[in-house]
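Read the structure below first, then the notes.
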Amino acid sequence: MSAGLGSLGAGPTSQSTAAQPIVSVDTVPVRLDADGQLQIRLVRRPWEPFEGAWALPGVMLRGNERLTEAAIRALVGKAGVGPEQELALRQCGAFDDLARDPRGPTVALAQLAILPPLTPAAASEGEVMDAPAHRLPLLAFDHQRIVDAALVRLSEILLADAAASRSLLGAEFATTRANQAYAALEAAGAPGASPSGMSRRLAATHHLIKTERTQTFGRGKPAPVWAWHLPKEN
């Protein structure tokens with residue numbers, strides 16, 4: 001005879017006495033700066049818990065709000081991203097450890113936010129800084145775990161996801177920039193991220209076109225410049 005859910009302690013009484021988790025949307029704003037460093041935008045928490053600590057920009061999800069709307073609200077209000085700024089949002093996991101927030105049970109729905117290379121911090125609600133992905137300060141809550149998951153996600157979609165990759169690398173980019181992006185992910189500990197064989201990898205990416213232009217970085221040889229060939233939206 002099979003056991004029902006009630007016999008496992010999942011009946012109405014146990015459900016009604018359990019605290020309802022609060023749902024937040026935490027963003028991981030990432031950009032590749034002019035020096036080829038992968039930067040994560042952080043905000044300083046102005047209140048407890050973790051007052052004064054650096055954290056990811058996040059907000060509580062409203063009842064009538066979609067995840068992307070909440071993510072943009074966090075980026076504009078807390079991370080200083082301009083409301084008209086182009087960016088790519090990609091989901092990178094749900095985090096529901098019961099001890100992640102000392103105030104009680106919460107579920108964080110994380111969004112990787114890929115910003116264009118030159119994205120200055122605009123006016124925001126508090127203190128904001130960009131920190132190298134491989135050398136972050138101690139973060140509040142479980143935000144380091146969220147960053148790690150976001151970097152894994154980025155390494156998985158880089159080049160494969162044309163729209164997201166275009167946000168990170170730009171409309172046109174040199175082979176050197178793609179090398180820098182993969183090297184930065186590798187330095188930050190993202191598994192499988194390696195800059196080796198980049199020219200062959202770019203040539204095999206069907207939504208990239210090798211232009212006739214080149215770009216020189218420092219004393220290196222001129223590097224080919226690539227452009228995205230994306231289908232037009234109807």
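As a basis for the values below, the full set of heavy atoms in this structure was taken, side chains included, without hydrogen atoms, waters or symmetry mates.
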As a quick check of understanding, evaluate side chain to side chain contact (heavy atoms under 4.5 Å, CB included) for Leu154 and Val30, giving each step before the final call. CA-CA 9 Å; Leu154 180 57; Val30 177; 4.0 Å; yes
Show the numbers, then the answer: is there a salt bridge (charged side-chain N to carboxylate O under 4.0 Å, His left out) between Arg100 and Asp26? CA-CA 13 Å; Arg100 66 178 305 273; Asp26 290 335; 3.7 Å; yes
Kindly indicate, with the supporting measurements, whether the criterion side chain to side chain contact (heavy atoms under 4.5 Å, CB included) is fulfilled by Glu69 and Arg62. CA-CA 10 Å; Glu69 293 171 339; Arg62 294 171 177 168; over 6 Å; no
Does the pair Gln91 and Leu109 meet the rule for a side chain to side chain contact (heavy atoms under 4.5 Å, CB included), with working shown? CA-CA 8 Å; Gln91 295 185 30; Leu109 304 176; over 6 Å; no
Kindly determine whether Leu138 and Trp54 satisfy side chain to side chain contact (heavy atoms under 4.5 Å, CB included), including the steps that lead there. CA-CA 7 Å; Leu138 184 64; Trp54 291 103; over 6 Å; no
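Hydrophobic clustering (ILVMFWY, side-chain heavy atoms < 4.5 Å, transitive): Leu139 and Met129 are in one cluster. There is no path of hydrophobic side-chain contacts, each under 4.5 Å, that joins Val23 to Phe95. Side-chain heavy atoms closer than 4.5 Å link hydrophobic residues (I, L, V, M, F, W, Y) into clusters, and following such links, possibly through other members, connects Leu169 to Val28. Two different hydrophobic clusters hold Val225 and Leu208 under the rule that ILVMFWY side chains link at heavy-atom gaps under 4.5 Å. Linking Ile, Leu, Val, Met, Phe, Trp and Tyr residues whenever their side-chain heavy atoms come within less than 4.5 Å leaves Val43 and Val59 in two separate clusters.
In this structure, Thr205 OG1 and Arg200 CZ are separated by 12.5 Å, a value rounded to the nearest 0.5 Å. The distance from atom CZ of Phe141 to atom CG of Asp97, rounded to the nearest 0.5 Å, is 13.0 Å. Here Asn64 contributes atom CG and Leu61 contributes atom CG; the two are 9.0 Å apart, rounded to the nearest 0.5 Å. Separation of atoms CD1 (Ile72) and CZ (Arg66) is listed at 10.5 Å; rounding is to 0.5 Å. Interatomic distance, Arg153 CZ to Gln111 CD, rounded to the nearest 0.5 Å: 10.0 Å. For the atom pair Cys92 SG and Ile146 CD1, the distance stands at 7.5 Å (nearest 0.5 Å).
Counting non-hydrogen atoms of neighbouring residues, nucleotides and ligands closer than 6.0 angstrom, the CZ atom of Arg103 exceeds 12 such neighbours.
Using a 4.5 Å heavy-atom threshold, the side chains of Arg31 and Arg41 count as touching. Using a 4.5 Å heavy-atom cutoff, the side chains of Leu32 and Gln37 are not in contact. Within the 4.5 Å cutoff, the side chain of Val107 has no heavy atoms near those of the Ile22 side chain. Side-chain contact check for Pro195 versus Glu186: some heavy-atom pair is nearer than 4.5 Å. Using a 4.5 Å cut-off on side-chain heavy atoms (C-beta onward), Gln144 and Asp142 make no contact. In this structure, the side chains of Ile40 and Leu136 come closer than 4.5 Å at one or more pairs of heavy atoms. In this structure, Ile114 and Leu87 have side chains that are not in contact, with every pair of non-hydrogen atoms separated by 4.5 Å or more. No side-chain heavy atom of Leu112 sits less than 4.5 Å from a side-chain heavy atom of Leu89.
Between the side chain of Tyr182 and the main chain of Ser155, no donor-acceptor pair closer than 3.5 Å is present. The backbone N or O of Leu56 sits less than 3.5 Å from a side-chain atom of His143, completing a donor-acceptor pair. Not a single donor-acceptor pair under 3.5 Å links the side chain of Ser165 to the backbone N or O of Ala162. When atom types are taken as modelled, the side chain of Lys78 and the backbone of Gly58 share a donor-acceptor pair closer than 3.5 angstrom.
Residues passing the side chain to side chain donor-acceptor pair (under 3.5 Å) test with Arg90, sequence neighbours excluded: Asp161.
Side-chain polar atoms of Trp226 and Thr211 form no donor-acceptor pair below 3.5 angstrom.
With respect to Glu65 and Arg73, a salt bridge is recorded, a charged nitrogen being found less than 4.0 Å from a carboxylate O. For Arg177 and Asp35, the salt-bridge test fails: no basic side-chain N is under 4.0 Å from an acidic carboxylate O.
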